[in-house]
2 protein chains.
Amino acid sequence: MGNRSKIPDIVIGRLPIYLRALTFMEAKGQEITSSQELGDKLGISSAQIRKDLSHFGEFGKQGTGYHVDFLKQQLRRILKIDCEWEIVMIGAGDLGRALAHYGGLSERGFRITAIFDKDPAKQGQKLGACVVQDTRHMAEVIKAKGYKIAAIVVPASAAQAVVDICIKAGIKAFLNYAPITLSVPPDIHVQYIDPVAHLQRMTFYL
Amino acid sequence: MGNRSKIPDIVIGRLPIYLRALTFMEAKGQEITSSQELGDKLGISSAQIRKDLSHFGEFGKQGTGYHVDFLKQQLRRILKIDCEWEIVMIGAGDLGRALAHYGGLSERGFRITAIFDKDPAKQGQKLGACVVQDTRHMAEVIKAKGYKIAAIVVPASAAQAVVDICIKAGIKAFLNYAPITLSVPPDIHVQYIDPVAHLQRMTFYL
DNA sequence: TAGATTGTTAATCGATTAACAATC
DNA sequence: TAGATTGTTAATCGATTAACAATC
């Protein structure tokens, strides 16, 4: 049985990738897979997949492999996405609007249920299922509803200030689209999405 | 002097982060920095920053540190972003439209100059500076203009087929927004952007 | 049973860090 | 000069892989 006491973050980062592949297999009607097959599909060694999973328990059968549906449900449980998560979004510019309209979020268990912008022209607008509210009410709403995750979709120059307020109000995890490294206490999680950084990484090899 | 023969990919991945921090410092008017200061800002050890940079040359002065502008230009040269890169985008849905309108791309040297979609209703539409074209002409245009980078913004179910066509036409690097692991030859580079995978990684810790 | 594949151990590989001579 | 900081080496740390007994 896996020892959960000290699981490397890099392992956690691979679980959503495994989950994505399992979801794809399930959609095709495939019922069984193996670490070998998963690894081939993902460009990861089979040993690594077995090692990663072993941190959390024993999910397979020798000689057979893994039940796609069972392993998928286990990963969802481990990642705590066997429920729906509500997200607060700050910023209602082009990118914010795209994120609010992106169906992939809610399909996969994440719903944006509050949106804030400091621009009065945007306040009151309907965006997806929400009405854009004044940033001044942000802390209050986060506290009242107990939001834990925030998507930061404001300009880089405003991001740190917004994040500081969110943390004070109780946010524990940020999905940050602003192209800036945020300064946060060690118990706060940040994931960065910066397409330009990805592009710059690839041009090196061209 | 650095030995460029075998630079770890993980080092390349940090260079855009360093560049982002330097750009921020430059905007503030700061002329000098040190590995210590950069590391503090980015949550990275100063030793790692010096080691990373040492792969490419000697850019600092003992006792002083680094000239922000000089180091920035060197990183731009190393990453090959001291010129403008043209990108072809496939998919003109919500996300594609947001990407086409995202000013951050062209600000930082990447321009989307061709857009394709297989939906006739979208063809002919103006999106940013481009007119959406029929996917059937994609290979032809990629070859004629010599595009090397493609942004994939089609549904997951269509992504692999689109990528296969792009590779045949000469694309070497993909920025992939479809939530699926692509199968590509070893000389082709792929960077993945999947906000849901990032969110799933964070909920583990909540 | 024979063949296949798991979970786990030990070995290998690679990345990070500490330390310091060099020197601005 | 004295203080600060680089670039680099060697030591440490952690992640990946190979191999295999267990067993379905």
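Below, read A as the first sequence line, B as the second, and so on, with proteins coming before strands; counting in each chain starts at 1.
Residues from residues 34-42 of chain A lying near DNA chain C, meaning a heavy-atom separation below 4.0 Å, are Ser34(A), Ser35(A) in numerical order. Less than 4.0 Å separates DNA chain D from no heavy atom of any residue of residues 183-191 of chain A.
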Distance-only check: which donor-acceptor pairs under 3.5 Å involve side-chain atoms of residues 158-175 of chain A, not counting sequence neighbours?
| from | atom 1 | to | atom 2 | distance (Å) |
| --- | --- | --- | --- | --- |
| Gln160(A) | OE1 | Ser183(A) | N | 2.9 |
| Gln160(A) | NE2 | Asp164(A) | OD1 | 2.9 |
| Gln160(A) | NE2 | Ser183(A) | O | 3.0 |

Please list, one pair per line, the donor and acceptor atoms closer than 3.5 Å that link side chains of residues 102-110 of chain B to other protein atoms, with sequence neighbours excluded.
| from | atom 1 | to | atom 2 | distance (Å) |
| --- | --- | --- | --- | --- |
| Ser106(B) | OG | Gly103(B) | O | 3.3 |
| Arg108(B) | NH1 | Asp194(A) | OD1 | 3.3 |
| Arg108(B) | NH2 | Asp194(A) | OD2 | 2.9 |

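Using a 4.0 Å cut-off, no side-chain N or O of Tyr66(A) falls inside it from OP1 or OP2 of dA4(C).
Rounded to a whole Å, the CD1 atom of Ile32(A) is 16 Å from the C1' atom of dG3(C). Spacing between atom CZ of Phe56(A) and atom P of dG7(C) amounts to 13 Å, rounded to whole angstrom units. In this structure, the CG atom of Leu53(A) is 13 Å from the C1' atom of dT5(C), given to the nearest Å. Rounded to whole angstrom, the span from the CZ atom of Phe59(B) across to the C1' atom of dT5(D) amounts to 17 Å.
Residues that satisfy the side-chain hydrogen bond (donor to acceptor under 3.5 Å, both in side chains) test with Gln62(B), not counting sequence neighbours, are absent from this structure. Here Leu95(A) pairs with Val153(A), Tyr177(A) under the side-chain contact (heavy atoms from CB on, under 4.5 Å) rule; sequence neighbours left out. Every residue two or more places apart in sequence or in another chain that forms a side-chain contact (heavy atoms from CB on, under 4.5 Å) with Ile44(B) is listed here: Arg14(B), Tyr18(B), Leu42(B), Gln48(B), Ile49(B). The side-chain contact (heavy atoms from CB on, under 4.5 Å) check on Ser46(A) picks up Ser35(A), Gln36(A), Arg50(A), with sequence neighbours excluded. Residues satisfying the ring-ring contact (aromatic ring centres under 6.0 Å, His included) test with His189(A), not counting sequence neighbours, are Tyr205(B). Residues meeting the ring-ring contact (aromatic ring centres under 6.0 Å, His included) test with Phe70(A), sequence neighbours left out: none.
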Would you mind building the protein contact string for nucleotides 15-24 of chain C? One character per nucleotide, 5' to 3', B for base within reach (heavy atoms under 4.0 Å), S for sugar-phosphate only, - for untouched.
SBBBB--BBB
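Shortest non-hydrogen contact noted between Leu38(B) and Met25(B) is CD2-CE, 4.1 Å. Contact record, Ile87(B) with Ala151(B): CG2-N, 3.9 Å, taken as the closest heavy-atom pair. Minimum heavy-atom separation, Ala114(B) to Gln133(B): CB-NE2, 4.3 Å.
Enclosure of atom NE2 in His101(B) by more than 12 non-hydrogen atoms of other residues, nucleotides or ligands within 6.0 angstrom is indicated.
Between the side chain of Lys122(B) and the backbone N or O of Val132(B) there is no donor-acceptor pair closer than 3.5 Å.
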Secondary structure of DNA chain C in dot-bracket form (Watson-Crick or G-U wobble, distances below 3.5 Å, | marking inter-strand pairs):
..||||||||||||||||||||||
